[in-house]
Peer 1: 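The structure is given below, and queries will be raised subsequently.
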Amino acid sequence: MDYSSYLSLLRDKLGNAIEKSEVEENILTLVVKPQSVVQCIQYLKEDEQMQFSFLTDLCGIHFPDAVNEELGVVYHLHNLRKNIRIRVKTFVSKQNPQLASITSLFEAANWMERETYDFYGIVFEGHPNLIRILNVEYLDFFPLRKEIPLEDPTREDKDNRYFGR
């Protein structure tokens, strides 16, 4: 699949908002500045030449070693008429994990943004009901961040000899 025409239109419309572009697994992947993500997704959805009218998925990611870009959101969009997919990524700092909500563009983003908030702590400004959706409301951490140890270091009932250590 040749994505050059889509990329050219996107660069004309968004300019420097696109930080990086590449084709991964036959899907055009864009890395967009966080302040431009709503504009990018709106253009992909509403432009006559783009027609990415279906939000397939929205999820969070955590890269603890990426300074000032530790948390990210990945948006998967689908052009149903041409059966083409596109992936949009954006990154924010852990100290200021805020992005604009896209619920005004896609109602399906409502629960996806809530889940991303619930597990990663990314705050979607303008979301109509940004509360935890799967975890208990009094949980004081975000369980999918890579800050939580995988094992309890205080366990005494586990013999490491049986686990290849």
Peer 1: Any side-chain heavy atom of R145 within less than 4.5 Å of one from L71?
Peer 2: yes
Peer 1: Hey, are the side chains of F52 and I41 touching, using non-hydrogen atoms and a 4.5 Å cut-off?
Peer 2: no
Peer 1: Taking C-beta and beyond as the side chain, do T29 and I86 meet within less than 4.5 Å on heavy atoms?
Peer 2: no
Peer 1: Give a yes or no on whether V123 and I102 share a hydrophobic cluster (residues Ile, Leu, Val, Met, Phe, Trp, Tyr; joining criterion: side-chain heavy atoms under 4.5 Å apart).
Peer 2: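 Linked within one cluster.
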Peer 1: Could you report the tightest heavy-atom contact between V92 and P97, atom names first, then the distance?
Peer 2: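 Of all heavy-atom pairs spanning V92 and P97, the closest is CG2-CA, 3.8 Å.
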Peer 1: Does M50 form a side chain to side chain contact (heavy atoms under 4.5 Å, CB included) with K13? I'd like the steps, not just the answer.
Peer 2: CA-CA 12 Å; M50 294 293 178; K13 178 68 177 178; over 6 Å; no
Peer 1: Using a 4.5 Å cut-off on heavy atoms from C-beta on, say whether the side chain of V74 contacts that of L58.
Peer 2: no
Peer 1: Determine, using the 4.5 Å side-chain heavy-atom cutoff (strictly less than), whether V73 and I27 are members of one ILVMFWY cluster.
Peer 2: no
Peer 1: Residues two or more places apart in sequence or in another chain: which of them pass salt bridge (charged side-chain N to carboxylate O under 4.0 Å, His left out) with R87?
Peer 2: E24
Peer 1: Within the structure provided, determine whether F124 and L99 are in side-chain contact (heavy-atom separation under 4.5 Å).
Peer 2: yes
Peer 1: Under 3.5 Å, sequence neighbours excluded: what are the donor-acceptor pairs made by side chains of residues 105-112?
Peer 2:
residue : atom : partner : partner atom : Å
N110    : OD1  : H127    : NE2          : 3.3

Peer 1: Taking only residues two or more places apart in sequence, or in another chain, which ones meet F141 in a side chain to side chain contact (heavy atoms under 4.5 Å, CB included)?
Peer 2: L139, P143, I148
Peer 1: Output side-chain donor-acceptor pairs under 3.5 Å for residues 30-40, partner residues at least two apart or in another chain, one line each.
Peer 2:
residue : atom : partner : partner atom : Å
K33     : NZ   : N16     : O            : 3.4

Peer 1: Is it the case that one hydrophobic cluster holds both F91 and L14, taking links as side-chain heavy atoms less than 4.5 Å apart, direct or via other members?
Peer 2: no
Peer 1: Listed by chain and number, what are the side-chain hydrogen bond (donor to acceptor under 3.5 Å, both in side chains) partners of S5, not counting sequence neighbours?
Peer 2: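 Result, side-chain hydrogen bond (donor to acceptor under 3.5 Å, both in side chains) vs S5: none returned.
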Peer 1: Listing request: all salt bridge (Lys or Arg N to Asp or Glu O under 4.0 Å) pairs with a residue in residues 54-81, at least two apart in sequence or in separate chains.
Peer 2: none
Peer 1: Is there side-chain contact between Y6 and N79, with at least one heavy-atom pair below 4.5 Å?
Peer 2: yes
Peer 1: Using every non-hydrogen atom in the two residues, find where Y3 and I84 come nearest and quote the distance to one decimal.
Peer 2: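 Answer, listing the atom of Y3 first, then I84: CE2-CG2, 3.6 Å.
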Peer 1: Which residue pairs satisfy the salt bridge (Lys or Arg N to Asp or Glu O under 4.0 Å) criterion with at least one member in residues 112-121, sequence neighbours excluded?
Peer 2: D118-R132
Peer 1: Is the side chain of N135 donor-acceptor paired with the backbone N or O of F119 at a distance under 3.5 Å, no angle test?
Peer 2: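 Absent.
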Peer 1: Of all residues at least two apart in sequence or in a different chain, which pass the side chain to side chain contact (heavy atoms under 4.5 Å, CB included) check with N96?
Peer 2: S93, Q98
Peer 1: Running the 4.5 Å side-chain criterion over Ile, Leu, Val, Met, Phe, Trp and Tyr, what cluster does I131 land in, apart from itself?
Peer 2: none
Peer 1: Taking only residues at least two apart or on different chains, which pairs with a member in residues 62-86 satisfy ring-ring contact (aromatic ring centres under 6.0 Å, His included)?
Peer 2: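 Listed once each, the pairs would be none.
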Peer 1: Which residue pairs satisfy the side chain to side chain donor-acceptor pair (under 3.5 Å) criterion with at least one member in residues 41-56, sequence neighbours excluded?
Peer 2: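 Every pair satisfying side chain to side chain donor-acceptor pair (under 3.5 Å) with a residue in residues 41-56: Q42-E46.
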Peer 1: When Ile, Leu, Val, Met, Phe, Trp and Tyr are grouped by side-chain heavy atoms lying under 4.5 Å apart, directly or through other members, which residues fall in the same group as F54?
Peer 2: L80
